[in-house]
Amino acid sequence: MRGGLAAQTARLLAALLLAAATALPAQAGVFDDEEARSRIEQLREQLRGGVDELGKRADTLSRNQMDFSNQVEAIKADIAKLRGQIEVLSYELEAAQKRQKDFYVDLDNRLRKLEQPPAEAKTEPPKPDPALETGTYEAALANLKSGKFKEAAAAFLAFIKTYPNSSLAASAHYWGGYAHAQSRDHAGAAELFGKFADGWPKDDRAPDAMASRVASLDALKDWKGSRATLEQLAERYPNSDAGKKAKLRLKKK
């Protein structure tokens, strides 16, 4: 862009100077000194006007380029935010589908009990309420989506403690680790991400969980633990994006 403006300026200057050089000698016999000076002054004014115009055009192009760069950065930030929202909504949909399935299973079990003849009364421990279980998880997820990371981290920990065998336990560990990392509790994040990767190694999020654990350990300056996790990540998931990045990082160390 600057090169183009410089070329235009050079061409304008050359044209004006050429005009001055050719015009004055031709008029030497006709104009007196006063008219020659007037002509030179006119050419100078034309030259100044041309340079000023090019300067204004350069300023306009520079401002347009800066505005475009700012718009590009804003669009990138919006895309990153939308990707995060899509990921959260995807797992929320998965949780909703699982909740619906659990509801029908629970309803079917209750109907079966009603169809059976009454038996002797037996003392049985109370069974967990699927609706309450799901509601507790969704409350923690709602805190996460609204940016209340400390509240979300505490809520996910409470869910894991209350429902250790829940079908939502894996997601509770993963999002709990994410909430801890966002609230800068790197020790809690590293622990939950590690438990998720060990407890659900076939989950599609396992490589990312291990990579997030590495980031938390780096923040804690636990270089030994970070390297060990990188080695495990590269070994367990060599074809994943996180595994490939782990290999490259290990080569640099």
S226 OG to L220 CG distance, which is reported to the nearest 0.5 Å = 10.0 Å

Show every donor-acceptor pair shorter than 3.5 Å between a side-chain atom in residues 186-196 and any protein atom, with sequence neighbours excluded, or say none if there are none.
unit_1: E191; atom_1: OE2; unit_2: K195; atom_2: NZ; d: 3.2

ask   = Could you give the distance from CZ (R63) to OG1 (T60), rounded to the nearest 0.5 Å?
value = 4.5 Å

ask   = Quick one: does E133's side chain get under 4.5 Å of T136's, heavy atoms only?
value = no

task = For R213 and D222, run salt bridge (charged side-chain N to carboxylate O under 4.0 Å, His left out): C-alpha distance rounded to whole Å, both residues' side-chain angles, the deciding distance at 0.1 Å, then the answer.
result = CA-CA 11 Å; R213 173 176 166 80; D222 183 358; over 6 Å; no

Side-chain touch T229/L217, heavy atoms, less than 4.5 angstrom = yes

query = Looking only at heavy atoms, what is the nearest atom pair of R227 and L250, with distance?
reply = NH1-CD2, 3.8 Å

task = State, yes or no, whether a side-chain contact exists between M210 and L230 at a heavy-atom distance under 4.5 Å.
result = no

message = Do Y174 and L157 sit in one hydrophobic cluster, given that two such residues count as connected whenever their side-chain heavy atoms are within less than 4.5 Å of each other, even indirectly?
response = no

query = Out of curiosity, does Y137 fall in the hydrophobic cluster containing W200 (side-chain heavy atoms, cut-off under 4.5 Å, transitive links)?
reply = yes

ask   = Does one hydrophobic cluster hold both L132 and F156, with members joined at side-chain heavy-atom distances below 4.5 Å?
value = yes

ask   = Are L144 and L168 linked, directly or through other ILVMFWY residues, by side chains that come within less than 4.5 angstrom of each other?
value = yes

task = Evaluate the side-chain proximity of W223 to D218: yes if any heavy-atom separation is below 4.5 Å, no if none is.
result = yes

task = Would you indicate whether the side-chain heavy atoms of F159 and L141 approach each other to under 4.5 Å?
result = no

query = If you draw a 6.0 Å radius around NZ in K145, do more than 12 non-hydrogen atoms from other residues or ligands fall strictly inside?
reply = yes

query = Can you name the side-chain hydrogen bond (donor to acceptor under 3.5 Å, both in side chains) partners of S167, sequence neighbours left out?
reply = K98

query = With a 4.5 Å limit on heavy-atom distance, are the side chains of L233 and K245 in contact?
reply = no

ask   = Are the side chain of T134 and the backbone N or O of A131 linked by a donor-acceptor pair below 3.5 Å?
value = no

ask   = Minimum heavy-atom separation for Y237 to P201, with atom names?
value = OH-O, 2.6 Å

ask   = A179 and A153: which non-hydrogen atoms are nearest, and at how many Å?
value = CB-N, 3.7 Å

query = So which heavy atom on A211 is nearest to which on A242, and how close?
reply = CB-CB, 4.2 Å

ask   = Judged by atom type as modelled, is there a donor-acceptor pair below 3.5 Å linking the side chain of S166 to the main-chain atoms of Y163?
value = no

note = Here the pair of heavy atoms bringing A197 nearest to A206 is CB-O, 4.4 Å

request  = Decide if atom CD of E235 counts as having more than 12 heavy atoms of other residues, nucleotides or ligands within a radius under 6.0 Å.
outcome  = no

